[in-house]
Amino acid sequence: MTAARPRPRPGVLDIEAYVPGKSKAPGVAKVYKLSSNETPLGPSPRAIAAYKAAAEHLADYPDGSASELREAIGRAFGLDPDRIVCGAGSDDLLHLLANAYLTDGDEAIHTTHGFLIYPIVTLGTGARPVVAAETDHTADVDAILAAVTKKTKIVFLANPNNPTGTCLSFDEVKRLHNGLPPHVLLVLDAAYAEYVRRNDYESGIELVATSENVVMCRTFSKIHGLASLRLGWMFGPAHIVDAVNRIRGPFNISGAAIVAGIAAIEDVEHQERSREHNTRWLAWLTAEIGKLGLKVTPSVANFVLIHFPEAKGRTAKDADAFLTARGLILRQTTAYKLPNALRMSVGTEEANRLVVAALREFLGQT
Ligand SMILES: Cc1ncc(COP(=O)(O)O)c(C=O)c1O
């Protein structure tokens, strides 16, 4: 007989724990990690200097409201700092939003190949994740709207989406918003917004500013190169900011993250360099991998989704083993319901060229 013991709430044990991208290639001297969409340029040197200087103050609690960081973000984007909340990564904010707005029996919608954290944060509250089909690996506004029921409380939309790299135009996001009941919260997760070069894209700032049921989440983990520090932020209506602030950890952002984040957001030249590097190599990778005969989903972010044939010896799993043996670590996407694809972050020139050469060899084209 099992002894009485604490039981997690319904839903928790249904969660498939998040498995991060691999970082090791056993027995290989030099590893190129292209599995977590980190920036190949690293953080701004100014952010590194600020981080090091923070070592002098490790005994002090940080400013729990991260006011100087919120002010710096506000200046960078022309936003009211009172409408910003910082989190320990945008993951933290996604958890906080789910905890504040979902309860047992509610539903939260995400798309078929949407970011894996959405079902995790949903199940953790006792609510049910509902999957809306995508079209061409892209969120489908009609399918999302058709999935809305009386129980729907949140729609999570990664725009651009990870791992597909596709995005919706601002018109489509507005159409989605217009079709949602006003009590449904639309979470626009714009972790990769800085990389998008499309004129018809808008990260969410405008929609948040003009509505009462939209929030936008951003991260310092991608273009700012501060993934290890865990720092993200959200912009939302005052009533949502108030709710999230009531349940967040009182010191959820470290002092080091605050000062490094300020330096990073103010180093516009570094961001521009990262963006330019990405634009150049995203196009190059898409073209070169395409020339090998592999399908690449057109991406607007800092990674590409590469599709492999079903043929024995040519599958994504085979390619992953082949690349890993050469120190080239991409991301398996089986958990994203894309078992025959690999996601590759845009890397340094050296890493990008090595992957294309290795794929050519893998496909027997050398
Ligand atoms: C779409 C999306 N949202 C959020 C995150 C989480 O980023 P953070 O490091 O800020 O928690 C990621 C990270 O991969 C992501 O791809």
Side-chain angles (χ1 to χ4, degrees), residues 17-23 33-39 42-43 47 66 69 73 84-98 108-122 124 129 134 137-139 154-168 173 186-196 201 203-204 215-235 244 248-249 252-254 257-258 260-261 264-265 278 297 299-305 329-333 335-336 338 343-346:
Y18 184 83
V19 181
K22 281 190 300 188
S23 56
K33 183 171 178 244
L34 304 165
S35 57
S36 300
N37 301 340
E38 295 144 338
T39 168
L69 174 58
I73 296 169
I84 293 171
V85 185
C86 294
S90 44
D91 284 352
D92 185 25
L93 297 162
L94 295 167
H95 272 99
L96 290 168
L97 288 164
I109 299 173
H110 67 277
T111 64
T112 312
H113 309 298
F115 183 44
L116 277 180
I117 294 295
Y118 308 147
I120 292 178
V121 300
T122 300
E134 297 184 7
H137 297 115
T138 308
I154 296 186
V155 172
F156 289 108
L157 180 74
N159 201 34
N161 185 50
N162 167 20
T164 53
T166 54
C167 77
L168 290 186
V173 175
L186 175 60
V187 177
L188 296 173
D189 179 352
Y192 301 96
E194 292 86 351
Y195 294 110
V196 183
Y201 174 80
S203 63
V215 299
M216 173 195 68
C217 294
R218 303 284 283 257
T219 183
F220 280 81
S221 301
K222 307 300 171 185
I223 202 154
H224 297 293
L226 296 176
S228 173
L229 271 187
R230 312 305 304 128
L231 185 58
W233 58 281
M234 62 161 248
F235 173 54
V244 168
R248 75 174 168 82
N252 60 335
I253 310 299
S254 71
I258 290 174
I265 205 105
N278 193 69
T297 302
S299 168
V300 296
N302 69 338
F303 53 86
V304 283
L305 185 68
I329 303 184
L330 276 59
R331 178 74 142 103
Q332 290 187 6
T333 50
Y336 284 99
L338 293 161
R343 189 194 69 199
M344 174 191 177
S345 312
V346 173

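Computed over heavy atoms, backbone and side chain alike; hydrogens, waters and symmetry mates excluded. Atoms within each ligand, like the ligands themselves, are counted from 1 in listed order. This is a predicted model, so every value here is computed, not measured. Here, residue 1 is the first one in the sequence, and each next residue gets the next number.
Considering backbone and side-chain N/O atoms, Thr219 comes within less than 3.5 Å of an N/O atom of ligand 1.
Atom 11 (O) of ligand 1 has as its closest protein heavy atom Arg230 NH2, 2.7 Å. Nearest protein heavy-atom neighbour of atom 12 (C) of ligand 1: Phe115 CZ, 3.3 Å. The closest protein non-hydrogen atom to atom 13 (C) of ligand 1 is Lys222 NZ, 3.3 Å.
The Ala191 neighbourhood of ligand 1 comprises atoms 2 (C), 3 (N), with distances under 4.0 Å to a heavy atom of that residue. Set against the non-hydrogen atoms of Asn162, the atoms of ligand 1 under 4.0 Å away are 1 (C), 14 (O), 15 (C), 16 (O). For ligand 1, the atoms lying closer than 4.0 Å to a non-hydrogen atom of Ser221 are 8 (P), 9 (O), 10 (O).
Between Tyr192 and Phe303, the ring planes lie perpendicular to each other; the angle is over 60°, past the 30° to 60° tilted range. In this pair, Phe156 and Tyr118 present their aromatic rings parallel. The plane angle is below 30°, not in the 30 to 60° band.
Ion pairing between a basic and an acidic side chain is recognised when a charged N comes within 4.0 Å of a carboxylate O; Asp92 and Arg248 show no such pairing.
Distances from ligand 1 to the non-hydrogen atoms of Gly232 include no value under 4.0 Å.
Using a 4.0 Å cut-off between heavy atoms, Asp189 contacts ligand 1 through its side chain alone, with no backbone atom that close. The proximity of Ser90 to ligand 1, defined as any non-hydrogen pair under 4.0 Å, involves the side chain as well as the backbone. Residue Tyr192 touches ligand 1 through its side chain alone, judged by heavy-atom distances below 4.0 Å.
The nearest non-hydrogen atom to atom 6 (C) of ligand 1, considering only Asp91, Leu229, Leu116, comes from Asp91.
Between Asp91 and Phe115 there is a side-chain heavy-atom pair separated by less than 4.5 Å. For the pair Ser35 and Gln332, the minimum side-chain heavy-atom distance is 4.5 Å or more. Residues Glu134 and Thr164 have side chains in contact (heavy-atom distance under 4.5 Å, counting atoms from C-beta outward).
Counting only distance, with no hydrogens or angles, the side chain of Asn159 and the backbone of Leu168 share a donor-acceptor pair below 3.5 Å.
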Passes side chain to side chain donor-acceptor pair (under 3.5 Å), Asn162 versus Arg343? Steps please.
-> CA-CA 9 Å; Asn162 167 20; Arg343 189 194 69 199; 2.6 Å; yes

